[in-house]
Amino acid sequence: MGNSAEKSKISTSLDFRAVGKQVGHLVVPHSTNTSAWGAIEIPVAVISRGEGPTAFFTGANHGDEYEGPIALSKLIRSLEPEQVHGTVIIMPALNLPAFRATRRLSPIDGMNMNRAFPGKGDGSVTSMIAHFVSTRILPLADVVVDIHAGGKTLDFLPCAVIHELDDDNQMSKTLAAQEAFGAPFGLVLRELDAAGMLDTTVEEMGKVFLSTELGGGGTATPETVAIAEIGVRNILAHFGILDEKPLSREDRGMAPMRLVHSPHEQCFTSARDNGLFEPFRGLGDEVEKGDPLGQIHFIETPERDPLIHHAGRSGVILCKGVPGLVGKGDCLVVVGEDYKDK
Ligand code: CA
C-alpha cells in the first residue's frame with residue numbers, strides 16, 4: 001500500500017475546494033533526454049458551486065479507450081458552476097502518456113494505471129498519478145465513474161460495470177447508480193485480481209464506484225459516445241449535482257438495462273493455439289453451451305484442420321477479441337448470463 005502521508009512530487013495550480021470553474025493540469029515532473037526540466041501535464045477540471053456532493057470522472061485510464069476522453073472533454077466545456085450543486089472533478093485522460101502513445105499501458109514505465117493504485121508519491125510517473133488521485137482527489141469524492149472501453153484488443157456490448165460488494169448498503173447504492181447511468185447492459189463483476197485498481201481503492205473508502213465497458217477496438221462510435229455523454233449527466237442528476245431527472249432508458253423508448261455477469265471460468269473462451277481466428281458469432285448473439293463460437297486457422301500449414309472453439313456456458317456474447325491473429329491464451333469470447341440481484 002502507498003503511504004497517504006507521502007508527499008507528492010506532482011504540483012497543480014488548481015484548488016479542488018474552490019468555487020468556480022478551473023481547467024488546468026497536474027504537473028508531473030519528468031526529466032528526459034529531450035526535455036531536461038520537463039513535465040507531463042495531465043488535464044484536470046474542477047467545476048464547483050460549493051456545498052453538496054462531489055463526483056469525480058476519469059477517462060483513458062487505459063490509453064486506447066476513447067469514449068471517456070471525448071465525453072469528458074465535452075463535459076468540461078459545457079458544464080458551468082451555476083448549473084451544479086456541489087462539485088464535479090474531471091480528468092479526461094488519466095494516463096495521458098498511454099493516451100498519447102495510443103496504448104493501453106504507459107510507454108514511460110510500462111505500468112497499467114489500473115494496477116498502480118493507490119500509488120507512491122515518489123514512484124514512477126503512473127504510480128505518482130495514482131498516488132495524487134488517491135490522496136488528494138478520492139477523499140473529496142462521493143461517487144467515482146471511470147469510463148473504460150475494450151481498447152484495441154477487446155470489443156464489448158456497451159455496459160456499466162460494478163463489482164459485487166460485501167456491504168449491502170454500498171451494493172444497493174452502486175446498483176442504483178449503475179441503472180441511472182442508462183447503458184443497455186449492466187455487468188456485475190467479481191474481480192479475480194482486484195489489487196491495485198482504482199475501483200478497489202474507491203470501494204474500500206466506502207464510496208460509490210462505477211466503471212464502464214463501452215465498445216472497444218481502439219475507436220469510438222456515435223452510439224458509444226452518446227451512452228457515455230448521457231451516462232455522465234445521468235450520474236450527476238442521480239446524485240443531485242444537476243437539478244434534473246436522469247434520462248432513463250424508458251424515457252428514451254429503450255428496453256431496460258439488462259443485468260448480466262460472468263461468474264464461471266467457462267464463460268471465458270481463450271485461444272488454445274496461435275493462428276487466425278474466424279468468428280462464427282458476433283456481439284449480442286445468444287449462444288447455448290456447446291455451440292461453436294469460431295475456429296482458429298493455421299494458414300502456414302493449410303492441410304491442418306482448424307481448431308473449433310465452443311461455448312462453455314449459455315448466455316449472450318458480451319465481449320469478443322478484436323485482432324484476427326490470435327495467440328494461445330488470448331481472450332476470444334466472453335459470455336454473460338443474466339444476473340439475479342440477491
Ligand atoms: Ca479498460
Side-chain angles (χ1 to χ4, degrees), residues 42 56-73 90-117 119 126-127 129-130 133 144-163 174 178 181 183-203 209-221 223-225 227-229 231-232 235 260-262 267-268 270 283 317-323 329-334 336:
I42 317 283
F56 176 43
F57 295 106
T58 51
N61 177 326
H62 293 132
D64 58 352
E65 303 175 6
Y66 297 134
E67 287 79 3
I70 293 169
L72 295 180
S73 56
I90 305 164
M91 292 188 69
L94 189 62
N95 196 343
L96 183 70
F99 173 80
R100 282 180 177 165
T102 72
R103 288 166 53 154
R104 178 177 177 80
L105 311 180
S106 174
I108 296 172
D109 51 23
M111 281 183 83
N112 180 345
M113 176 62 80
N114 219 22
R115 293 294 180 280
F117 280 83
T126 308
S127 183
I129 298 167
V133 167
V144 178
V145 180
D146 188 27
I147 301 178
H148 285 253
K152 285 181 176 170
T153 67
L154 295 175
D155 197 11
F156 278 86
L157 289 178
C159 51
V161 184
I162 65 169
H163 289 112
T174 304
Q178 179 186 41
F181 189 86
F185 289 82
L187 174 60
V188 183
L189 285 177
R190 176 63 78 173
E191 207 70 49
L192 299 174
D193 172 21
M197 298 180 78
L198 170 58
D199 318 39
T200 315
T201 309
V202 177
E203 287 159 359
F209 181 86
L210 193 64
S211 175
T212 68
E213 294 293 355
L214 302 178
T219 188
T221 69
E223 292 76 21
T224 56
V225 171
I227 293 166
E229 287 188 66
V232 297
I235 290 298
V260 296
H261 65 160
S262 300
C267 293
F268 298 80
S270 301
L283 276 184
I317 296 185
L318 185 67
C319 169
K320 58 183 270 296
V322 171
D330 286 351
C331 178
L332 298 178
V333 172
V334 182

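Order of listing sets the numbers, starting from 1, for every ligand and every atom in it. As the structure is a prediction and not an experimental result, all values here were calculated from the model.
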Mind running side-chain hydrogen bond (donor to acceptor under 3.5 Å, both in side chains) on Thr58 and Asp146 for me, showing each step along the way? CA-CA 5 Å; Thr58 51; Asp146 188 27; 2.6 Å; yes
Applying the side chain to side chain donor-acceptor pair (under 3.5 Å) criterion to His62, which one of Asn112, Asn95, Asn114 satisfies it? Asn112
For the Ca ion (ligand 1), what is the closest N, O or S atom on His148? ND1
Give, rounded to 10 degrees, the angle between OE2 (Glu65) and ND1 (His62) as seen from the Ca ion (ligand 1). 90°
Indicate yes or no for a side-chain donor-acceptor contact from Asp155 to the backbone of Gly216 under 3.5 Å, with no hydrogens or angles considered. yes
Please determine whether Glu213 has a backbone or side-chain N, O or S atom lying under 3.0 Å from the Ca ion (ligand 1). no
Can any side-chain N or O of Ser127 pair as donor or acceptor with the backbone N or O of Gly119 at less than 3.5 Å? no
